[in-house]
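The sequence lines fix the lettering, A, B, ..., with proteins before strands; numbering per chain opens at 1. None of these values were measured; they are calculated from a predicted model.
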Number of protein chains: 2
Amino acid sequence: MGTTSNTARGKPAPSDVAAVSGERPLRADAQRNRTRILQAAESVFASEGIEVPVDLIAEKAGVGVGTLYRHFPTKEKLCEAILLERLAGLTADARALADADDPGAAFFGFLEHVVEEATAKRDLLVAVMGAGVAFDLAASEVKEDLRAAVDVLLARAMAVGAVRPDVTASAVMGLVSATCHAAAHDAAPSQDLLGIVCDGLRRQDHAG
Amino acid sequence: MGTTSNTARGKPAPSDVAAVSGERPLRADAQRNRTRILQAAESVFASEGIEVPVDLIAEKAGVGVGTLYRHFPTKEKLCEAILLERLAGLTADARALADADDPGAAFFGFLEHVVEEATAKRDLLVAVMGAGVAFDLAASEVKEDLRAAVDVLLARAMAVGAVRPDVTASAVMGLVSATCHAAAHDAAPSQDLLGIVCDGLRRQDHAG
DNA sequence: TGACAAACGGAACTCAGGCTCCGTATAGTG
DNA sequence: CACTATACGGAGCCTGAGTTCCGTTTGTCA
């Protein structure tokens with residue numbers, strides 16, 4: 001899913017935004033290092049959690065800590081950068097589905113997509129969607145964008161009766177985040193958990 | 001709910017177990033301090049999260065750090081003590097419902113109970129049921145007991161068709177834990193989220 | 001009440017992890 | 001090729017949190 005949106009994501013240039021928004025053009029090696037750091041951080045955070053020492057990230061990226069800190073003045077900023085990127089990606093994916101033929105499929109498909117993403121890259125998404133940490137500051141706007149995009153999918157899915165009428169986008173995001181969280185630990189395969197949650201989200205026409 | 005089980009929990013003497021299992025009878029003030037520490041820790045952990053410095057707990061308990069560490073040789077051990085107590089309490093609650101008249105109500109009522117408990121005492125339960133941290137060691141046995149107790153409720157609820165037949169106790173625990181987690185952050189009221197999850201757990205006889 | 005073991009308090013130690021500083025290396029330019 | 005601004009590396013500083021130590025206090029028992 002989300003083919004259209006892939007332009008907004010992917011490995012090619014995770015630092016596009018920063019590079020463009022920055023004033024001067026950044027020396028070639030600096031640009032390269034920045035990218036390396038982002039990729040390393042993403043990978044390490046994903047496999048070890050946000051707790052890992054910054055030194056490890058620098059090492060994995062093949063740069064010194066000094067370099068890392070020149071690009072991202074704070075560990076928190078580094079996390080933020082990655083998170084924002086990822087959230088933006090999801091938002092794009094959601095928007096790409098906004099006028100899909102089957103609103104129900106679009107909605108549930110998106111949820112599945114999110115869970116897949118988050119399962120692959122443990123912690124991160126979960127942390128944000130659950131608003132776990134303190135990135136709320138800068139992330140809030142982006143997060144709000146995502147919520148809005150989800151809201152569109154949700155509204156359309158409701159309109160065709162694919163989703164019960166009494167849920168909010170926040171609740172959906174919370175549940176999805178929760179699913180990832182549970183799956184990330186042990187519990188059960190994320191697909192199973194999500195399946196249950198999705199059934200709960202559908203129009204409830206069960207007897208009692 | 002769980003009135004019968006209340007004997008196994010409650011404020012009166014959170015340190016009973018340890019006091020009994022210990023060899024010598026513990027001097028009166030020591031016993032009192034131990035209790036104070038446990039209560040303080042429970043309260044502080046609940047409101048601030050497990051991250052709080054040990055000093056804070058000692059302060060809130062009105063004892064020195066030294067005293068705290070004499071009773072619990074490690075912060076981790078302190079957490080464990082609280083968690084074990086709480087899990088044991090939940091297990092007792094679950095067992096008390098094992099022969100309830102209405103298995104479906106018992107099962108869903110229990111889930112609601114867990115969410116209430118966890119919402120009140122943020123983080124803690126969530127951390128364990130999700131197996132979040134590293135308490136797995138000592139907690140695993142108790143956790144397994146809980147799982148087993150939940151399994152009984154689940155099996156009975158399935159038997160009467162109140163719950164779909166393809167869920168595991170682990171999945172249930174994961175979902176409940178995750179729901180608490182999501183509710184603890186922002187998302188939506190825990191009751192709303194749990195409601196959705198529970199609908200997902202019910203026999204799914206919806207059309208498509 | 002006196003004596004002693006048990007328990008206390010909290011200053012200080014240890015260690016880990018975030019972050020800074022500055023001497024060195026190098027991309028970019030004429 | 002030389003020259004300079006830009007960027008790099010990583011030793012080391014600093015803070016904060018967990019834990020220990022030891023002189024003082026206190027419960028307990030005769």
Checklist entry - So do A:Ile57 and A:Phe45 actually touch side chain to side chain, heavy atoms under 4.5 Å? => result yes
Next on the checklist: Can you confirm whether A:Val176 sits close enough to A:Val150 that some side-chain heavy atom of one is under 4.5 Å from a side-chain heavy atom of the other?
Outcome noted: no
Checklist entry - Given A:Thr179, which of A:Val114, A:Val197, A:Asp192, A:Leu111 fulfils the side chain to side chain contact (heavy atoms under 4.5 Å, CB included) condition? => result A:Val197
Checklist entry - Just how far, in rounded Å, is P of C:dT20 from CZ of A:Arg70? => result 12 Å
Next on the checklist: Just the rounded figure in Å: distance from C1' of C:dT20 to CZ of A:Phe72.
Outcome noted: 18 Å
Next on the checklist: In whole Å, I'd like the distance from the CG atom of A:Asn33 to the C1' atom of D:dC8.
Outcome noted: 8 Å
Checklist entry - What is the distance, rounded to the nearest whole Å, between atom NZ of B:Lys75 and atom P of D:dT20? => result 15 Å
Next on the checklist: Check this for me, if you would: do A:Arg202 and A:Asp199 make a salt bridge, where the nitrogen-to-carboxylate-oxygen distance has to be below 4.0 angstrom?
Outcome noted: yes
Checklist outcome for this item: Bend of the helix from C:dT1-D:dA30 to C:dG30-D:dC1 from end-axis comparison, five pairs per end, nearest 10°, comes to 10°
Checklist entry - With respect to B:Leu68, which candidate in B:Val54, B:Asp55, B:Asn33 satisfies the side chain to side chain contact (heavy atoms under 4.5 Å, CB included) definition? => result B:Val54
Checklist entry - Hey, is the side chain of A:Thr67 poking within less than 4.0 Å of OP1 or OP2 on D:dG9, counting only N and O atoms? => result yes
Checklist entry - Could you state the CD-C1' distance from B:Glu76 to D:dG18, rounded to the nearest angstrom? => result 12 Å
Next on the checklist: Would you say that A:Asp151 contacts A:Arg147 through its side chain, given a criterion of any heavy-atom pair below 4.5 Å between the two side chains?
Outcome noted: yes
Checklist entry - Does D:dC8 have OP1 or OP2 sitting under 4.0 Å from an N or O in the side chain of A:His71? => result yes
Checklist entry - If each of B:Val65 and B:Ala28 is mapped to the nucleotide of DNA chain D with the nearest heavy atom, which maps nearer the 5' terminus, i.e. the 5' end? => result B:Val65
Next on the checklist: Counting only heavy atoms and a strict 4.0 angstrom limit, can you tell me which residues of residues 53-62 of chain B come near DNA chain C?
Outcome noted: B:Gly62
Checklist entry - Given atom CZ of B:Arg32 and atom P of C:dC8, what is their separation to the nearest angstrom? => result 9 Å
Checklist outcome for this item: When rounded to the nearest 0.5 Å, the distance separating CG of B:Leu83 from CG of B:Leu78 is 9.0 Å
Next on the checklist: Just so I know, are the side chains of A:Leu38 and A:His71 near enough to count as touching, which here means a heavy-atom distance under 4.5 Å?
Outcome noted: no
Checklist entry - So, is B:Arg27 close to the C:dA5 phosphate, meaning a side-chain N or O under 4.0 Å from OP1 or OP2? => result no
Item to check | Distance in angstrom units between A:Leu68 CG and D:dA7 P, rounded | outcome: 15 Å
Checklist outcome for this item: Rounded to whole Å, CZ of B:Arg36 lies from C1' of C:dC8 at a distance of 12 Å
Next on the checklist: With a cut-off of less than 4.0 Å, is there a side-chain N or O of A:Thr74 near OP1 or OP2 of C:dG18?
Outcome noted: no
Item to check | Side-chain donor/acceptor of B:Thr74 to backbone N/O of B:Lys77, under 3.5 Å | outcome: no
